[in-house]
Enquirer: 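One structure, as structure tokens, below. Some questions next.
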Amino acid sequence: MTDDLFSSISFRESTARNRVMVSPMCQYSCDGDGVATEWHRVHLGSRATGGAGIVMAEATAVEPRGRISPDDLGIWSDEHADALAPITRFIRDRGALPAIQLAHAGRKASKTSPWDGNRPLQPDERGWEVIAPSANPWPYDETPPELREMTKDDIAALVDDFAAAAERSLDAGFEIAEVHAAHGYLLHEFLSPVTNDREDEYGGSLENRTRIVREVTEAVREVWPDDKPVFVRISATDWLPDRESWTVDDSVILADQLADAGADLIDVSAGGLHPDQRIPNPGPNYQVPFAERIREETDARVGAVGGITEPAQADALIRNGRADLAIIGREHLRDPYFTLHAAAELDAEERIEWPIQYRRAVQ
């Protein structure tokens, strides 16, 4: 039987009720301490109520310097885990799997939220010193935050931070942990020769540049239960064809490495490393071919992202074997009940139920 959007899918002993995943989307809605608020509870809970199989929390910083903005979500203390626990309980109660993206923003940290211009913040403006694999700041029009190239001790501490964040995420009730190695943030900065000019074992060759992502994935996998899945999000390409950069060929190699390191799915996105990126034809499914290629050339399961907005479109990705999950971001901002509406459009109402409190509106 051919799988479709409403087929369940299992990763280890965890089963999602369908192939729709709510993409991690930053909300910039903490109060400066990284602690989840009622906004996060309603935002994530409503998408679980809306029928998605997996609901993933936004990029969640593993240490304070790892936040993009001062108001990003964090998971570097027990207080953060305690604030997230009621949210994961509600997501589970609504039949979805709660997931969390563990992240460090690297050189893209210490800036304002998008609605305040994405401008760099200095220490007297709630900003902080940022860290990166090499001393190459993000090319802001304004003065960037002070940047320090990471030492080997910093790298070892970062791996420990990811592992500790995973342990707290487990305590908070999450079923899936995702390592964020995409979109120009710290782990992606190590992968790309555009941002990594180190001369030690974390720079230079592809094997060296992928080392930290493998180490982080292995560290998270080690503390995450054997019966629960670990995902990794990557940028399949830097979209920088005019210079030596990270490519889809590199991503195929990395996906195999990550599968060996214990990753159960590769969440395949693209770009975000540099403002010079050139995105060809950013329309429907514009990033799907990257996921499709990784799925065809490796043993990894993949999630596809990018311009997925229509139920029939998402269903076709699964039916045609292009991806194992349809990972949907902005459309979930427009429609928290995307999956329920998709069931109606695809004549699959019998395979998913509206919340009993809402059924009188659709019966």
Enquirer: Got Ile9 and Arg301 here, is their nearest side-chain heavy-atom distance under 4.5 Å?
Expert: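 Of all side-chain heavy-atom pairs linking Arg301 with Ile9, at least one is under 4.5 Å.
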Enquirer: Does Val302 belong to the same Ile/Leu/Val/Met/Phe/Trp/Tyr cluster as Trp246, with side-chain heavy atoms less than 4.5 Å apart forming each link?
Expert: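 As far as the 4.5 Å side-chain criterion goes, Trp246 and Val302 are connected within one cluster.
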Enquirer: Classify the side-chain pair Asp267/His180 by whether it contains a donor and acceptor separated by less than 3.5 Å.
Expert: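 Absent: no donor and acceptor within the cut-off.
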Enquirer: Using side-chain contact (heavy atoms from CB on, under 4.5 Å) as the criterion, point out the one residue from Asp3, Thr15, Asn18 that pairs with Ser8.
Expert: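 Single side-chain contact (heavy atoms from CB on, under 4.5 Å) partner of Ser8 among Asp3, Thr15, Asn18: Thr15.
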Enquirer: Does the salt bridge (charged side-chain N to carboxylate O under 4.0 Å, His left out) test come out yes or no for Arg243 and Asp238, once each step is laid out?
Expert: CA-CA 10 Å; Arg243 66 199 76 175; Asp238 289 340; over 6 Å; no
Enquirer: Please assess Lys111 against Ile68 for the test side-chain contact (heavy atoms from CB on, under 4.5 Å), listing each intermediate value before the final yes or no.
Expert: CA-CA 6 Å; Lys111 63 181 181 179; Ile68 303 166; 3.5 Å; yes
Enquirer: Is the closest side-chain heavy-atom distance between Val216 and Val232 below 4.5 Å?
Expert: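 No. Closest side-chain heavy atoms not under 4.5 Å.
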Enquirer: Could you pull out all residues at least two apart from Phe6 that satisfy ring pair (Phe, Tyr, Trp, His ring centres under 6.0 Å)?
Expert: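 If we apply the ring pair (Phe, Tyr, Trp, His ring centres under 6.0 Å) test to Phe6, skipping adjacent residues, there are no hits.
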Enquirer: Just so I know, are the side chains of Leu191 and Thr210 near enough to count as touching, which here means a heavy-atom distance under 4.5 Å?
Expert: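 Result yes, sub-4.5 Å side-chain heavy-atom pair found.
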Enquirer: Say whether, by atom type as modelled, one donor and one acceptor occur between the side chain of Arg211 and the main chain of Glu201 under 3.5 angstrom.
Expert: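 At least one qualifying donor-acceptor pair exists.
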Enquirer: Consider only side-chain heavy atoms of I, L, V, M, F, W and Y, link residues closer than 4.5 Å, and tell whether Ile100 and Phe162 are in one cluster.
Expert: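 Shared cluster, yes.
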Enquirer: May I ask you to say whether Glu175 pairs ionically with Arg12, meaning some side-chain N is under 4.0 Å from a carboxylate O?
Expert: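 No, Glu175 and Arg12 are not salt-bridged.
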Enquirer: In terms of relative ring orientation, are His341 and Trp354 parallel, tilted or perpendicular, with 30° and 60° separating the classes?
Expert: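 Aromatic pair His341/Trp354 classed tilted.
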Enquirer: For residues Lys108 and His188, determine if any side-chain heavy atom of one lies less than 4.5 Å from a side-chain heavy atom of the other.
Expert: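 Sidechains of His188 and Lys108: no contact.
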Enquirer: With side-chain hydrogen bond (donor to acceptor under 3.5 Å, both in side chains) as the test, would you mind laying out the steps for Trp115 and Ser113 before giving the verdict?
Expert: CA-CA 6 Å; Trp115 48 83; Ser113 59; 3.1 Å; yes
Enquirer: Tell me whether the NZ or CZ atom of Arg67 lies within the 45° cone about the ring axis of Trp128 and under 6.0 Å from its centre.
Expert: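 Yes, Arg67 lies over the aromatic ring of Trp128.
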Enquirer: Between Arg334 and Thr309, is any pair of side-chain heavy atoms under 4.5 Å apart?
Expert: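 The answer is yes; the side chains approach within 4.5 Å.
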Enquirer: Is the number of heavy atoms from other residues, nucleotides or ligands under 6.0 Å of Glu125 CD greater than 12?
Expert: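 Counting neighbours around CD of Glu125, more than 12 heavy atoms of other residues, nucleotides or ligands fall under 6.0 Å, so yes.
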Enquirer: Where does the angle between the aromatic ring planes of Tyr185 and His183 fall among parallel (under 30°), tilted (30 to 60°) and perpendicular (over 60°)?
Expert: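 Geometry flag for His183 against Tyr185: perpendicular rings.
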Enquirer: Would you indicate whether the side-chain heavy atoms of Ser251 and Val268 approach each other to under 4.5 Å?
Expert: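 Not in contact.
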Enquirer: Measure the acute angle between the ring planes of His274 and Trp138, then classify it against the limits of 30° and 60° as parallel, tilted or perpendicular.
Expert: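 Ring orientation of His274 relative to Trp138: tilted.
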